[in-house]
Amino acid sequence: MSESSDPIRAAVDGSSLGNPGPAGWAWVVDRDHWDAGGWPSGTNNLGELTAVLELLRATDTDELRGRRLEILADSQYAINVITKWAPSWKKKGWQKADKKPIANLEVIQEIDRLIASRDAHFAWVRGHAGHDLNELADTHARGAAEAYRDGRAPEPGPGFASVSGSGFESSPGSGCASPIDEGDPPAVDSAATIRRRQKSLIRAWASLNVKELDTYEAEGARIIDHEGHDRLELRDVPIRPGESCRVSRIEICEGGANMWIATFTISGSDATWPGTIRITHVWAGSSADTARVIWQQFTPVVDAG
């Protein structure tokens, strides 16, 4: 891509060894811009949809969001879900005509939210037919699945680091919208997913997007704000990041089975923002993709000077 207005053309793919079994997802723009991940157990359809979701997240930056997105998929299921079935399910309150549960619903809903403001187009390609981008996506998705099968961490891709007028720059990491720092090192396993979701939560908090916040906060989650008050929801905390606030790199650690702890600081000079605060979020769920925040604490950072 030689011009910043050129379309982004990417292949997406999923893989599952056993279906369900060790599973992976991947998106590929070229050999320098791709990403992959997966789970110890998942379905091929989950991998296909997650590849689309992660591509949308990776291109949800100021530099990339305005570009036409051309998504090549060998899964007619994924294409039909996103372009045909999901709009109908959404109109019916996210219900199928037969009232049966919608598989992979949370992933589908997140795709629906992100794709609404994007110029995204899908094209079907035949799998394992020599299509260069599709073959690369298949290789990376299967590689992630095989890594989980073998008990090791899958190889993360470089994603998008930044974009210049002459094209993509291929330094590691993935961009993110202000006010969150760019330059996070590529993470692996579930930590990468939690970090991306944490960034989305912060953006929703900054814009007070209540509908989006509800997708990240568990019902009845406990919040201890910067004054020691016990709150029910993040929207009730009397402060939120402003344009002049800066968010530090988000540290992720596992707090036990299906639990992740995210910590970061926010500093700012806004009149409504009280200096620097360290924030801890505890995420829990059956997987990183579906985990929600169950506990949050805001701790003022005292300047030793």
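Computed from a predicted structure; not experimentally measured.
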Trace of the side-chain hydrogen bond (donor to acceptor under 3.5 Å, both in side chains) decision for Asp13 with Trp27: CA-CA 7 Å; Asp13 205 6; Trp27 59 260; over 6 Å; no
Do NZ/NE/NH1/NH2 and the carboxylate oxygens of Asp112 and Lys90 come within less than 4.0 Å?
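Salt bridge present between Asp112 and Lys90.
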Pairing of Glu251 and Arg195 as salt bridge, 4.0 angstrom limit: no
In the single-linkage hydrophobic clustering (I, L, V, M, F, W, Y; side-chain heavy atoms under 4.5 Å), do [X] and [Y] co-cluster?
{"X": "Val125", "Y": "Val29", "result": "no"}
{"X": "Leu55", "Y": "Leu133", "result": "no"}
{"X": "Trp34", "Y": "Ile71", "result": "no"}

Check whether [X] reaches the backbone of [Y] with its side chain - one donor and one acceptor, N or O, closer than 3.5 Å.
{"X": "Arg118", "Y": "Leu69", "value": "no"}
{"X": "Glu135", "Y": "Gly130", "value": "yes"}
{"X": "Asp138", "Y": "Asn134", "value": "no"}

* Does a side-chain heavy-atom distance below 4.5 Å link Phe122 with Val52? -> yes
Could you go through the side chain to side chain contact (heavy atoms under 4.5 Å, CB included) check for Ile115 and Leu56 one step at a time?
CA-CA 7 Å; Ile115 210 168; Leu56 289 169; 4.2 Å; yes
_Assess the residue pair His33 and Val28 against the criterion (side chain to side chain contact (heavy atoms under 4.5 Å, CB included)); give the C-alpha distance rounded to whole Å, side-chain angles, the decisive distance to 0.1 Å, and a yes or no._
CA-CA 6 Å; His33 302 91; Val28 174; over 6 Å; no
task = Take atom CG of Asn19 as the centre, draw a 6.0 Å sphere, and report whether it contains more than 12 heavy atoms from other residues, nucleotides or ligands.
result =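 Enclosed: over 12 neighbouring heavy atoms sit under 6.0 Å from CG of Asn19.
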Subject >> Over 12 foreign heavy atoms within 6.0 Å of CZ, Arg68 >> reply: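 Atom CZ in Arg68 is packed in, count exceeds 12.
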message = Under the rule for ring pair (Phe, Tyr, Trp, His ring centres under 6.0 Å), what residues qualify as partners of Phe264, not counting sequence neighbours?
response =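 With sequence neighbours excluded, Phe264 shows a ring pair (Phe, Tyr, Trp, His ring centres under 6.0 Å) to His281, given in chain and number order.
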Measuring from [X]:[atom1] to [Y]:[atom2], what's the distance to the nearest 0.5 Å?
{"X": "Ile202", "Y": "Ile266", "atom1": "CD1", "atom2": "CD1", "value": "5.5 Å"}
{"X": "Gln297", "Y": "Ile223", "atom1": "CD", "atom2": "CD1", "value": "11.5 Å"}
{"X": "Arg142", "Y": "Ser16", "atom1": "CZ", "atom2": "OG", "value": "10.0 Å"}

Query raised in the report: What class does the angle between the rings of Trp205 and Phe298 fall in, given that below 30° is parallel, 30 to 60° is tilted and above 60° is perpendicular?
Result: perpendicular
| message | For the aromatic rings, using the six-membered ring if either is Trp, is the centroid distance between Tyr148 and Trp25 under 6.0 Å? | response |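 Centroid distance Tyr148-Trp25: not below 6.0 Å, so no.
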Hey, are Arg57 and Ser200 close enough side-chain-wise for a donor-acceptor pair under 3.5 Å?
->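 Side-chain D/A pair, Ser200 to Arg57: absent.
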Gln198 and Trp283: side-chain donor and acceptor closer than 3.5 Å?
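Result is yes, a qualifying pair exists.
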Using the rule given for side chain to side chain contact (heavy atoms under 4.5 Å, CB included), can you reason through His131 versus Leu72, listing the C-alpha separation, both sets of side-chain angles and the distance that settles it, and then say yes or no?
CA-CA 10 Å; His131 189 285; Leu72 311 177; 3.6 Å; yes
- Query: Should Leu136 and Asp132 be marked as a side chain to side chain contact (heavy atoms under 4.5 Å, CB included) after you check the CA-CA gap, both sets of side-chain angles, and the distance that decides it?
  - Reply: CA-CA 6 Å; Leu136 280 173; Asp132 288 347; 5.7 Å; no
